[in-house]
Amino acid sequence: MKLIIENFRRFLAEQNFISDIPLEQDEEGNIILYHVSGAENIEELDPDVAAKNLQNYTTAEYRTWDRPRVFFFTRLGQEDTGIGRIDGVPYRVRLRPNQLYPIMDDPAGLSSRQEQQNWMEANIPEFAEKMQEAQKCSSSEQYNQWHICSKTPDSDGLAYTEERFAGKVLLVNNPKFHHLKPNTYEMVANLAEERYNSIGFIYPQSGEQGNQIVALWRKVPAERLEQDFY
């Protein structure tokens, strides 16, 4: 049994969620990423250092999530969709495909209400206490079209309570706990790293599929690119 569990964990850690995204790879199957910096002779790209020297094109990203991270292009000559070309010294890093998680597609459902409920139950005592009193939706039961579980996609396992004047309310949507909800990006980052060894997100900048960018929250070794980026 122990071997089965270890093999399953290894299988999860080797998941490749980005095989459908056309990305540059080297002969060993590593994904190639590019970073343009104003600093010379960088050997390691460190998110904590980058967070202290935010540029105009990264400050907007920090409005929704404040974890330190370094941003990368996924192809030579790629321009930022907001400000165009970025001046500086180009660097290259190599990652295994399983180290990147596609946050917008979220193929593993790490941002689901179920995951949010699990996080809140484990981290918020008053929420966990309320969970003990709540009822739970079950896919094995038949609900009429007005029941809360029938109106909420993927509601299996979600807890709900009967609130005065409001009727049945999902516990994760209860206004009493709104200020205690986790930041979605932070929660997904933690789950992706814990389950799949991911160290960064990949996503289309400004929604443009041809402009995939990467944000890494772990430091990585870098090599200076011996050619112009543009």
Side-chain angles (χ1 to χ4, degrees), residues 13 17-18 21 23-24 30-106 108 110-111 115-116 119-120 122-124 179-208 211-225 229-230:
F17 292 112
I18 60 173
I21 303 176
L23 297 170
E24 183 181 342
N30 296 305
I31 303 298
I32 306 298
L33 303 177
Y34 301 95
H35 177 79
V36 181
S37 172
E40 301 271 356
N41 304 317
I42 293 178
E43 295 183 353
E44 186 177 65
L45 288 165
D46 188 336
D48 289 330
V49 174
K52 297 175 184 177
N53 300 281
L54 295 182
Q55 304 297 320
N56 290 335
Y57 58 90
T58 57
T59 51
E61 298 277 354
Y62 276 82
R63 291 178 190 144
T64 54
W65 186 33
D66 61 2
R67 181 189 284 208
R69 51 204 191 275
V70 180
F71 295 88
F72 296 83
F73 291 121
T74 56
R75 55 184 170 80
L76 279 171
Q78 185 175 348
E79 298 183 7
D80 183 273
T81 57
I83 64 174
R85 295 188 173 189
I86 298 175
D87 294 327
V89 181
Y91 293 89
R92 174 172 52 207
V93 305
R94 305 171 192 270
L95 296 179
R96 298 303 303 164
N98 66 290
Q99 292 181 285
L100 296 178
Y101 187 77
I103 178 64
M104 296 306 179
D105 293 336
D106 190 18
L110 302 183
S111 63
E115 294 289 4
Q116 189 177 84
W119 186 94
M120 294 178 75
N123 294 279
I124 303 173
H179 67 293
L180 298 173
K181 282 187 173 184
N183 178 285
T184 301
Y185 297 103
E186 183 68 17
M187 182 181 74
V188 173
N190 286 329
L191 291 174
E193 183 164 12
E194 176 187 321
R195 296 178 186 177
Y196 309 114
N197 291 332
S198 300
I199 62 171
F201 291 145
I202 182 169
Y203 54 96
Q205 189 180 27
S206 302
E208 297 181 10
N211 275 305
Q212 299 285 333
I213 62 172
V214 166
L216 299 184
W217 57 77
R218 297 297 178 203
K219 53 187 175 183
V220 291
E223 55 182 320
R224 181 166 177 165
L225 199 62
F229 186 71
Y230 295 107

Taking all non-hydrogen atoms of both residues, which atom of Phe17 and which atom of Pro102 are closest, and how far apart? CB-CD, 3.6 Å
Where Arg69 and Ala215 come nearest, the two heavy atoms and their spacing: CD-CB, 4.0 Å
Might you confirm whether atom NZ of Lys181 has over 12 heavy atoms from other residues, nucleotides or ligands at distances under 6.0 Å? yes
Apply side-chain contact (heavy atoms from CB on, under 4.5 Å) to residues Leu23 and Ile202 and explain how you reach the verdict. CA-CA 11 Å; Leu23 297 170; Ile202 182 169; 3.9 Å; yes
dist Leu110:CG -> Ile103:CD1 (nearest 0.5 Å) comes out at 7.5 Å
Do Ile213 and Phe73 have side chains that approach each other closer than 4.5 Å (heavy atoms only, starting at C-beta)? yes
Crowded around Glu208 CD? As in, over 12 foreign heavy atoms under 6.0 Å? yes
With a 3.5 Å distance limit and no angle check, can you tell me whether Ser37 reaches the backbone of Pro90 through a side-chain donor-acceptor pair? no
In this structure, CZ of Arg67 is separated from CG of Asn190 (nearest 0.5 Å) by 5.0 Å
Could you check whether any side-chain heavy atom of Asp105 comes within less than 4.5 Å of a side-chain heavy atom of Tyr203, counting everything from C-beta outward? no
Mind running side-chain contact (heavy atoms from CB on, under 4.5 Å) on Tyr101 and Asp106 for me, showing each step along the way? CA-CA 8 Å; Tyr101 187 77; Asp106 190 18; 2.4 Å; yes
So CD1 of Ile31 and CD of Gln99: to nearest 0.5 Å the spacing works out to 10.0 Å
CD/Gln212 to CD1/Ile18 distance, rounded to the nearest 0.5 angstrom? 9.0 Å
Between Thr74 and Gln205, does the side-chain contact (heavy atoms from CB on, under 4.5 Å) criterion hold? Intermediate values first, please. CA-CA 11 Å; Thr74 56; Gln205 189 180 27; over 6 Å; no
Using every non-hydrogen atom in the two residues, find where Glu24 and Tyr34 come nearest and quote the distance to one decimal. OE1-OH, 2.7 Å
Side chain Asn211, main chain Gln78, donor-acceptor under 3.5 Å: no
Smallest heavy-atom separation, Trp119 atom then Leu180 atom, equals CZ3-O, 3.9 Å
Criterion side-chain contact (heavy atoms from CB on, under 4.5 Å) on Arg94 and Ile32, from CA distance to verdict: CA-CA 5 Å; Arg94 305 171 192 270; Ile32 306 298; 3.3 Å; yes
Find the distance between CD (Gln116) and CE (Met187) and round it off to the nearest 0.5 Å. 5.5 Å
Donor-acceptor under 3.5 Å (Ser206 side chain, Thr81 main chain): no
Answer yes or no: is there a side-chain heavy-atom contact under 4.5 Å between Arg92 and Leu33? no
Just verifying a value: how many Å separate Leu216 CG and Asp46 CG, rounded to the nearest 0.5 Å? 11.5 Å
I'd like to know whether OH of Tyr185 has more than 12 heavy-atom contacts from other residues, nucleotides or ligands below 6.0 angstrom. no
Of all heavy-atom pairs linking Val93 and Pro221, the shortest is CG1-O, 3.4 Å
Tell me, do Ile86 and Tyr230 make a side-chain contact under 4.5 Å, heavy atoms counted? yes
Checking Phe229, Tyr91, Phe72 against His35 for ring pair (Phe, Tyr, Trp, His ring centres under 6.0 Å), the one that qualifies is Phe72
